[in-house]
Amino acid sequence: MKTLFAITLAVLTFVSCTSQQPSKDVEKKNKLILYYSQTGATKTVAEEIKNQLEADIEAIEVETAYDGDFNQTIERCQKEMASGETPALKPIKANIADYDTIFIGYPIWFGTYAMPIAALVKAEQFEGKTIVPFCTFGSGGLQSSTNDLKTALPKANIVEGYGVRGIRLDAVPDEVNRFLIEWGHKEGEIEALPAFMEEKPVTDTEKEIFNQACSDYQFPLGTPVTVATRETSSSTDYLFTATSKGQQGEDQTSHIYVTVSKNEPNAKPVFTQVVR
Ligand SMILES: Cc1cc2nc3c(=O)[nH]c(=O)nc-3n(C[C@H](O)[C@H](O)[C@H](O)COP(=O)(O)O)c2cc1C
């Protein structure tokens, strides 16, 4: 009797494993989230993507961590960038070959992906993979880092990415949901956002909105010249074109996205991203 019970249990266990495992495996194996995060912002985004998708996730770690203060990291990073030397990484457990789509996450360092990602793209084989960049930043860098990934990985398909300021992590769950649906990574419905209207010279009121959004940022973001606006159900959005002087005194143009929430009265304007 005991033997019959053991055999039945073994058969049932086998059946239940084989009936559940394969479909889960196929879904899960397809997508991988690989990310580096020094101070936790990018980790928050990576985990949110993982919450909303069937995907495996792995943090990239460097052998000698960037664990000093901000200035030490800046100094080490500048040295590495100047010499072209990338940091040694701890071995990655995931087998990249098992995945079709790889979300690669990083903080922006000096306008591009952080040095551990420079090491990752050098060391691993991403040919034929779909790469979805995501990043966190003080002011911006999604576009420039995406372009740099395209240069570094010419045989990969680098698609539209997601970027958010490190001080706007509260917005991440909703924005990641929109991003994943909009670009076909998961199913769902989202409000279709209207395009920005045509650019017009900024009015004094719009200059004030720009100043409220940008004046407490640690670096000056320039003088707004023109603006395009759009209305959504939850916000009024502004796309400012601003001019400033670059490091060598050259004229620079930046596009600065500012949003004002309609969900709270007298909401402070915040800038969401600078694109140079
Ligand atoms: C070395 C270094 C360079 C940085 N360079 C930029 C930059 O060029 N542009 C920017 O917007 N933020 C820059 N930042 C800010 C980080 O991108 C931002 O704090 C990010 O959210 C940190 O992500 P993490 O918490 O995942 O490490 C820099 C930070 C460091 C440490």
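Read the numbers this way: they start at 1 and go in the same order the structure lists the ligands and their atoms. Note that the coordinates shown come from a computational prediction; the quantities given were computed from them, not determined experimentally.
- Listed as neighbours of ligand 1 are Ser37, Gln38, Thr39, Gly40, Ala41, Thr42, Phe70, Thr73, Ile74, Pro107, Ile108, Trp109, Phe110, Gly111, Thr136, Phe137, Gly138, Ser139, Gly140, each bearing a heavy atom under 4.0 Å from the ligand.
- For the pair Glu175 and Arg168, the minimum side-chain heavy-atom distance is below 4.5 Å.
- Contact check for Phe271 versus Tyr238: no side-chain heavy atoms found under the 4.5 Å cut-off.
- Judged purely by atom type and a 3.5 angstrom limit, Lys50 uses its side chain to pair as donor or acceptor with the backbone of Ala55.
- Aromatic rings from Phe134 and Tyr162 are positioned such that their centres are separated by 6.0 Å or more.
- Between Pro224 and Phe240 the shortest heavy-atom distance is CB-CD2, 3.8 Å.
- For Gln52, the side chain to side chain donor-acceptor pair (under 3.5 Å) partners two or more places apart in sequence, or in a different chain, are Glu48, Lys186.
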